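Side-chain atoms are counted along with the backbone in the values below, which use heavy atoms only and exclude waters and symmetry mates. Residue numbers start from 1 in every chain, and the chains themselves are labelled A, B, ... in the order their sequence lines are given, proteins ahead of strands. These figures come from a predicted structure and were not determined experimentally.
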There are 2 protein chains.
Amino acid sequence: MVEFLTTGDILMEDKRISKAVIARLPRYYRYLGEISEEGIERISSKELSVRMKVTASQIRQDLNNFGGFGQQGYGYNVKYLYNEIGKILGIDRQHNLIVIGAGNLGNALTNYTNFEKRGFVIKAMFDVKPQLIGKEIRKVKIYHLDTLEDYISKHQIQIAVLSIPKNEAIAVAKRLVNAGIKAILNFAHTDLEVPEDVIVENVHLSDFLMKLSYRVSSLTENQ
Amino acid sequence: MVEFLTTGDILMEDKRISKAVIARLPRYYRYLGEISEEGIERISSKELSVRMKVTASQIRQDLNNFGGFGQQGYGYNVKYLYNEIGKILGIDRQHNLIVIGAGNLGNALTNYTNFEKRGFVIKAMFDVKPQLIGKEIRKVKIYHLDTLEDYISKHQIQIAVLSIPKNEAIAVAKRLVNAGIKAILNFAHTDLEVPEDVIVENVHLSDFLMKLSYRVSSLTENQ
DNA sequence: TAGATTGTTAATCGATTAACAATC
DNA sequence: TAGATTGTTAATCGATTAACAATC
């Protein structure tokens with residue numbers, strides 16, 4: 001069978017990276033950043049696996065989805081690998097965000113300075129409460145939700161953060177999609193209805209507590 | 001082989017439920033709650049699968065990890081199934097929480113009234129800033145972190161929510177463990193070091209943004 | 001009873017781990 | 001060169017989907 005293939009046949013294929021792999025990348029990135037700050041220049045998959053409590057095999061498999069970043073007999077250059085994973089994650093450049101909902105959670109997120117360290121810059125907030133419009137959180141201005149589409153079309157906004165009650169979330173998500181937003185970080189406790197090409201990441205906070213609750217409860221039952 | 005087994009041999013086994021199944025339970029619970037509120041009394045796995053955009057097979061497999069909740073030819077009683085999943089998740093009873101860190105995120109979480117609807121009651125907050133001690137957020141008092149162990153031993157606290165900077169998180173987590181806490185919802189951007197029997201659920205907010213960023217970036221690259 | 005739909009077994013698919021030849 | 005460790009193939013494990021007999 002091999003003789004029928006010519007160079008490039010297989011390389012052309014757009015290999016789909018599994019969600020599990022992508023979900024692990026931020027953790028690699030964090031560990032490599034810490035290791036780099038410790039002044040360590042090189043690391044083997046084995047050493048990294050011990051730190052991260054995963055298998056060395058998984059690390060090598062994960063990384064080789066994106067290319068060969070290591071060197072036989074040597075391991076990986078920490079800083080280089082850190083930068084490469086940053087590129088893969090797309091955080092080598094700035095992403096402009098808007099936050100919809102200037103309530104407690106919206107404010108907390110806007111005040112969360114760690115986002116900017118990773119290139120995520122919050123450009124504006126939106127709400128409907130008259131008393132909030134015009135206020136500023138860390139230099140980020142709150143606009144009325146009516147001006148949402150206008151703002152998005154005038155600025156380079158890639159990602160919207162949705163921190164509003166669930167009964168309004170679906171309608172606002174549709175407006176975001178119509179205005180051209182391609183990615184939504186959804187804190188509202190509902191699934192959004194968006195086209196296939198719009199990316200949604202759900203953060204349902206009470207779901208995390210329920211998972212804890214399950215495990216706490218099953219512990220006590222068996223004892 | 002079968003003739004060697006007597007009744008009960010297999011039933012004794014403590015079947016481990018996979019994490020993937022448990023992670024799906026809160027979503028089932030949410031959909032069933034909504035369906036119940038619509039006044040729908042029964043539903044088949046097929047109908048539910050259409051709503052939830054999963055396979056009917058997966059629903060039946062998931063549920064049958066915990067018992068047969070349905071009836072052939074009929075489907076599932078919505079309210080009954082809702083309650084049963086609630087019991088499995090351990091939210092048929094109250095869980096007392098404490099929140100460590102009364103910053104923006106800690107305040108937002110304490111103000112998040114949805115937790116109480118699911119039986120998660122925040123009993124106290126802790127911080128080190130003198131100007132915060134004694135203040136109240138929604139009737140929840142802020143105590144000094146020095147009194148943490150004392151408070152935990154005097155009250156029935158199952159779960160701690162950690163919303164403090166990462167450089168303090170590991171040390172505080174150790175104190176929580178020593179004080180007897182069995183479950184931690186960790187918002188600090190670091191992995192905690194805890195014994196095997198302590199349950200940690202990590203919520204690394206910037207990781208979610210990085211996952212979005214990856215997908216936004218890979219979209220633009222291929223076009 | 002006939003039809004519907006479960007509970008459960010079997011088949012498939014995908015992800016993780018192990019093994020090792022390639023090579024620095 | 002000898003030793004170390006990668007990149008990658010093969011083996012294993014687990015999770016999802018399909019199929020269908022059991023049964024309401």
**OP:** Using a 4.0 Å heavy-atom cut-off across all strands, classify Ser57(A) as base, sugar-phosphate, or nothing.
**Re:** base
For [N], does either OP1 or OP2 sit under 4.0 Å from a side-chain N or O belonging to [X]?
{"X": "Arg60(A)", "N": "dG7(D)", "answer": "no"}
{"X": "Ser45(B)", "N": "dT6(C)", "answer": "yes"}
{"X": "Arg24(A)", "N": "dT16(C)", "answer": "yes"}
{"X": "Thr55(B)", "N": "dT17(D)", "answer": "yes"}
{"X": "Tyr76(A)", "N": "dG7(D)", "answer": "yes"}

- Message: Using side-chain heavy atoms (C-beta onward) and a distance below 4.5 Å, is Tyr76(B) in contact with Leu32(B)?
- Response: no
Rounded to the Å, how far apart are [X] [atom1] and [N] [atom2]?
{"X": "Ile17(A)", "N": "dG14(C)", "atom1": "CD1", "atom2": "C1'", "result": "14 Å"}
{"X": "Tyr74(B)", "N": "dT5(C)", "atom1": "OH", "atom2": "C1'", "result": "12 Å"}
{"X": "Asn65(B)", "N": "dT8(C)", "atom1": "CG", "atom2": "C1'", "result": "12 Å"}
{"X": "Gln58(A)", "N": "dT8(D)", "atom1": "CD", "atom2": "P", "result": "18 Å"}
{"X": "Ile43(A)", "N": "dA4(D)", "atom1": "CD1", "atom2": "C1'", "result": "15 Å"}
{"X": "Phe66(B)", "N": "dT8(C)", "atom1": "CZ", "atom2": "P", "result": "14 Å"}
{"X": "Leu48(A)", "N": "dT6(D)", "atom1": "CG", "atom2": "C1'", "result": "14 Å"}
{"X": "Ile59(B)", "N": "dT17(D)", "atom1": "CD1", "atom2": "P", "result": "11 Å"}

Practice task
Output yes when a side-chain donor or acceptor of His204(A) lies under 3.5 Å from a complementary backbone atom of Ala188(A), and no otherwise.
Solution key: yes
Donor-acceptor contact present, side-chain Gln94(A) to main-chain Gly119(A), <3.5 Å
no
message: Checking Tyr31(A) against Asp191(B): is there a side-chain donor and acceptor pair closer than 3.5 Å?
response: yes
*Are a donor atom and an acceptor atom from the side chains of Ser45(B) and Arg60(B) found within less than 3.5 Å of each other?*
yes
Decide yes or no, distance alone: a donor-acceptor N/O pair under 3.5 angstrom between the base of [N] and the side-chain of [X].
{"X": "Gln61(A)", "N": "dT6(D)", "answer": "no"}
{"X": "Ser18(B)", "N": "dA15(D)", "answer": "no"}
{"X": "Glu47(B)", "N": "dT5(C)", "answer": "no"}
{"X": "Gln71(B)", "N": "dT23(D)", "answer": "no"}

Answer for the Watson-Crick or wobble partner of dC24(D), both distances under 3.5 Å, is dG3(C)
Mate of dA10(D) across any strand shown (Watson-Crick or G-U wobble, both atom pairs under 3.5 Å) is dT17(C)
